[in-house]
Number of protein chains: 2
Amino acid sequence: MSCESRAIDQLRESGVRLTPQRAMVLEAIYHNDGHLSVDEVHERVQQQSPYVDLSTIYRTVMFLKQQGVIGELRLDGQPVRYEAVRYGKEHHHAVCSTCGAMIEIDSVDMQELSDILTQKYGFAVNLIHLTLTGQCAACQAISP
Amino acid sequence: MSCESRAIDQLRESGVRLTPQRAMVLEAIYHNDGHLSVDEVHERVQQQSPYVDLSTIYRTVMFLKQQGVIGELRLDGQPVRYEAVRYGKEHHHAVCSTCGAMIEIDSVDMQELSDILTQKYGFAVNLIHLTLTGQCAACQAISP
DNA sequence: TTGGCAGTTGCGAACTTTTGCAACTGCGGT
DNA sequence: ACCGCAGTTGCAAAAGTTCGCAACTGCCAA
Ligand SMILES: [Mn+2]
Ligand SMILES: [Mn+2]
Ligand SMILES: [Zn+2]
Ligand SMILES: [Zn+2]
């Protein structure tokens, strides 16, 4: 039982096609703790299967993100990165625009927001791995 | 007194250089109600000054976004778009992944979130023109 | 008002990401 | 087990975005 089996089940239940390429991308991302760039995913997949094209990686990460099994991290001036969405470890990020520090925000801290959107707009928001910017505590202390 | 004068004041106070290119990009975006793509901004700027390069537009929208005077809208499968950040009209967007409907979310609805991040993480979040995805009320009624 | 310079621009080239398309294949139905 | 086809892939080419660099210019200090 691999660590991405829950994600695979989720894909099966959605009725989408589970190709070897998709399984390999999923494996590359789930067998890693950090956030991987598209190139890094490509390298890892190619070690298993050298003819998988970079365009397939692009198409696949977009697909897996829309399916909600991987999350995206966009910091400007950096390549886009992807990470596993692990059950019970859902989180978001707050990035300091002064020092670059990246804080992990627990998913439960967004519950209030989710409730407001439901009550006020009837919108069922799907909060997956958001990236927020601002200033960390240390940098606020230095420049107010 | 043009409608982007507040943004211009904000840039002056930040001590950054106010070039004609920056002023023209600001004007193009502020003299428009919707969200403009980089190409659309370029077209409008070129009508005033034909030799402004597309790379300058890319650099300038990145700069103006970091300064907080314009907001970004990224919908996947669509070009990135930019919009004026107008005082008193700050907002975010909720986009339905089923039908594509785009709802405007009032900035005050994020106040709770901002407070939580301050209290729990000491992080001063800078919430500018976020894009959230999920399902609108109509689409929830159809497919639960 | 002028001079100096750090920051900005236009341009071309490099690099990244998306797309069109023919061949291929997962998977549901038989 | 096999078939049929909608959805997926590899490849090549197009489109979109970034970058390096020499020339230029806002802006500040004198
Ligand atoms: Mn993460
Ligand atoms: Mn908007
Ligand atoms: Zn910081
Ligand atoms: Zn909808």
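Just so it is clear: chains get the letters A, B, ... in the order the sequence lines come, proteins before strands, and each one is counted from 1.
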Rounded off to whole Å, could you give me the [atom1]-to-[atom2] distance for the [X] and [N] pair?
{"X": "A:L18", "N": "C:dG28", "atom1": "CG", "atom2": "P", "answer": "11 Å"}
{"X": "A:L11", "N": "C:dC27", "atom1": "CG", "atom2": "P", "answer": "10 Å"}
{"X": "B:Y58", "N": "C:dT17", "atom1": "OH", "atom2": "P", "answer": "12 Å"}
{"X": "B:R22", "N": "C:dG10", "atom1": "CZ", "atom2": "P", "answer": "12 Å"}
{"X": "B:I57", "N": "C:dT9", "atom1": "CD1", "atom2": "C1'", "answer": "11 Å"}
{"X": "B:F63", "N": "C:dA6", "atom1": "CZ", "atom2": "P", "answer": "18 Å"}
{"X": "B:L54", "N": "C:dT9", "atom1": "CG", "atom2": "C1'", "answer": "13 Å"}
{"X": "A:D76", "N": "C:dT16", "atom1": "CG", "atom2": "P", "answer": "18 Å"}

Covered region of DNA chain D, 5' end to 3' end, by chain B [heavy atoms, under 4.0 Å]: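 First-to-last contact on DNA chain D, by the 4.0 Å heavy-atom rule, is D:dG16 to D:dC27.
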Side-chain donor-acceptor pair present, [X], [Y], cut-off under 3.5 Å:
{"X": "A:Q135", "Y": "A:T98", "answer": "yes"}
{"X": "A:D115", "Y": "A:Q111", "answer": "yes"}
{"X": "A:S55", "Y": "A:D53", "answer": "yes"}

Closest non-hydrogen atom pair, B:I70 against B:Y82: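 Looks like CD1-CD2, 3.7 Å.
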Closest contact, heavy atoms only, A:R81 versus A:H35: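 Answer, listing the atom of A:R81 first, then A:H35: NH1-O, 2.7 Å.
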Most 5' of B:D53 and A:V16 on DNA chain D, judged by nearest nucleotide: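 Whichever sits nearer the 5' end wins; that is A:V16.
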Residue mapping more 5' on DNA chain D - nearest nucleotide basis, B:R17 or B:V80: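 The residue closer to the strand's 5' end, by nearest nucleotide, is B:V80.
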From C:dT18, C:dC11, C:dC27, nucleotide with atom closest to B:R59 side chain: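 My answer, after comparing the listed nucleotides, is C:dC11.
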Within-4.5 Å side-chain heavy-atom neighbours: A:E90 and A:Y87: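 The answer is yes; the side chains approach within 4.5 Å.
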Test item: A:R12 and A:I8 side chains (from C-beta on) under 4.5 Å apart, heavy atoms: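 Result yes, sub-4.5 Å side-chain heavy-atom pair found.
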Over all strands shown, is [X] touching base, sugar-phosphate only, or nothing at heavy-atom distances under 4.0 angstrom?
{"X": "A:V38", "value": "nothing"}
{"X": "A:Y51", "value": "sugar-phosphate"}
{"X": "A:P50", "value": "nothing"}

OP1 or OP2 of C:dG10 under 4.0 Å from side-chain N/O of B:Q21: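 For C:dG10, OP1 or OP2 has a side-chain N or O of B:Q21 closer than 4.0 Å.
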Residue mapping more 5' on DNA chain C - nearest nucleotide basis, A:P20 or B:V52: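 Between the two, 5'-proximity favours B:V52.
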